[in-house]
Amino acid sequence: MTEIPDPRDRLIVALDLPSVPAAEALIDRIGDAATFYKIGYQLGYAGGLALAERLAARGLKVFLDLKLHDIGNTVEEGVRSASGSGATFLTVHAYPQTMRAAVRGRGPGLKILAVTVLTSYDDADAAEAGYGLPVADLVAKRAAQAAEIGIDGLVCSAAEAGSVRRIVGPDRLIVTPGIRPAGAEAGDQKRVMTPGDARRAGIDHVVVGRPITGAADPRAVAQAIVTDLA
Ligand SMILES: O=C(O)c1cc(=O)[nH]c(=O)n1[C@@H]1O[C@H](COP(=O)(O)O)[C@@H](O)[C@H]1O
């Protein structure tokens, strides 16, 4: 597990919101309770890529969740373009060609995270998509390939954190969405865990969206998650 001196850096708040003003309002409400924000499809296609640069310039950490997966040349050049954004993390799907291309395009300061198997998938979803392996085995296979290729970190559910840690060793990051404080709605997530249990399972960072974005007091929820993670 990587040394992370400020426990707030373990929480990545997913800015899954429809507009830049909505995201800026949430960041203001959270204040200094969070230091790390994720920008994905919803906000990214609504002006969020420019926001990423502004947040990074303000000293906040940014996770660009682009989940790239394309032919190698396109992934490599896309990652190269994103390397100038000031982001700390960028996601690609954990397919070997895609991961090799991302490593070729990676610029200084940008860490590539490979998404193993989405946390909204269970074994039946993997079978429906044509995979002949249970989720846990597919995650393990992709984690081993990612480590071999030189990817910086893995996105998986906290349920697989222990096995992924054994496969990738202490130096690669394990980042886990599908995090729900006790009693929170799972929504479309199928492989879920509380922040405290995830931390005990050996994760480096958690990603939390709706439990914070939909809260009456997002700052209080973020603070409670950081406490649980510490
Ligand atoms: O790459 C991701 O961040 C990701 C991977 C994954 O397997 N599962 C997953 O939920 N995510 C993202 O993590 C966030 C989870 O949001 P909530 O379910 O609202 O907490 C969303 O922005 C997802 O896009």
Side-chain angles (χ1 to χ4, degrees), residues 10-18 22-23 26-27 30 34 36-46 48-49 51-52 61-69 75 79 82 87-95 98-99 102 110-123 125-126 129 131 135-136 138-140 142-143 146 151-161 164 172-195 197-198 201 203-215 218 221-222 224-226 228-229:
R10 292 196 183 277
L11 168 64
I12 300 171
V13 178
L15 291 172
D16 292 332
L17 293 164
L26 180 73
I27 294 165
I30 293 174
F36 213 146
Y37 288 95
K38 180 173 88 78
I39 295 174
Y41 293 176
Q42 187 184 7
L43 186 60
Y45 292 132
L49 297 181
L51 177 67
K61 295 191 179 63
V62 176
F63 173 171
L64 269 188
D65 183 19
L66 303 183
K67 288 196 183 68
L68 300 177
H69 182 46
V75 171
V79 170
T88 301
F89 293 160
L90 170 71
T91 42
V92 302
H93 280 287
Y95 288 76
T98 296
M99 294 192 286
L110 182 66
K111 290 189 161 64
I112 306 293
L113 305 181
V115 179
T116 55
V117 177
L118 292 167
T119 52
S120 58
Y121 276 54
D122 61 15
D123 288 344
D125 297 308
Y131 295 107
V135 165
L138 196 50
V139 170
R142 290 176 170 175
I151 287 288
D152 302 292
L154 284 304
V155 178
C156 58
S157 92
E160 298 100 42
V164 168
R172 274 174 234 279
L173 297 166
I174 298 181
V175 179
T176 56
I179 296 296
R180 291 291 180 265
E185 291 279 322
D188 53 355
Q189 299 285 7
K190 294 197 178 146
R191 302 189 340 270
V192 297
M193 206 178 267
T194 65
D197 286 345
I203 60 85
D204 295 292
H205 301 272
V206 296
V207 177
V208 184
R210 288 162 288 184
I212 295 177
T213 58
V221 176
I225 291 171
V226 170
D228 205 11
L229 289 168

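Every number for a ligand or one of its atoms is a count from 1 in the order of the listing.
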Q: Kindly say whether I151 contributes a backbone atom to a donor-acceptor pair with the side chain of R172 at under 3.5 angstrom?
A: yes
Q | Donor-acceptor under 3.5 Å (T116 side chain, V155 main chain) | A |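 Between the backbone of V155 and the side chain of T116 there is a qualifying donor-acceptor contact (under 3.5 Å).
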Q) For K190, does the NZ atom sit with more than 12 other heavy atoms under 6.0 Å from it, leaving out its own atoms? A) yes
Ignoring hydrogens and angles, write down the donor-acceptor pairs under 3.5 Å from the side chains of residues 61-69, residues two or more places apart or on other chains.
unit_1: K61; atom_1: NZ; unit_2: D9; atom_2: OD2; d: 3.3
unit_1: D65; atom_1: OD1; unit_2: K67; atom_2: NZ; d: 3.1
unit_1: D65; atom_1: OD1; unit_2: T91; atom_2: OG1; d: 2.6
unit_1: D65; atom_1: OD2; unit_2: K38; atom_2: NZ; d: 2.5
unit_1: D65; atom_1: OD2; unit_2: K67; atom_2: NZ; d: 2.7
unit_1: H69; atom_1: ND1; unit_2: T98; atom_2: OG1; d: 2.8

Q: For residues Y121 and L138, determine if any side-chain heavy atom of one lies less than 4.5 Å from a side-chain heavy atom of the other.
A: no
**Q.** Ring geometry between H93 and Y95 (parallel below 30°, tilted from 30 to 60°, perpendicular above 60°)
**A.** perpendicular
Q: Might you list the protein residues in contact with ligand 1, defined as having a heavy atom under 4.0 Å from one of its atoms, sorted by chain and number?
A: A14, D16, K38, D65, K67, V115, L118, T119, V155, P177, R180, Q189, V207, V208, G209, R210, P211
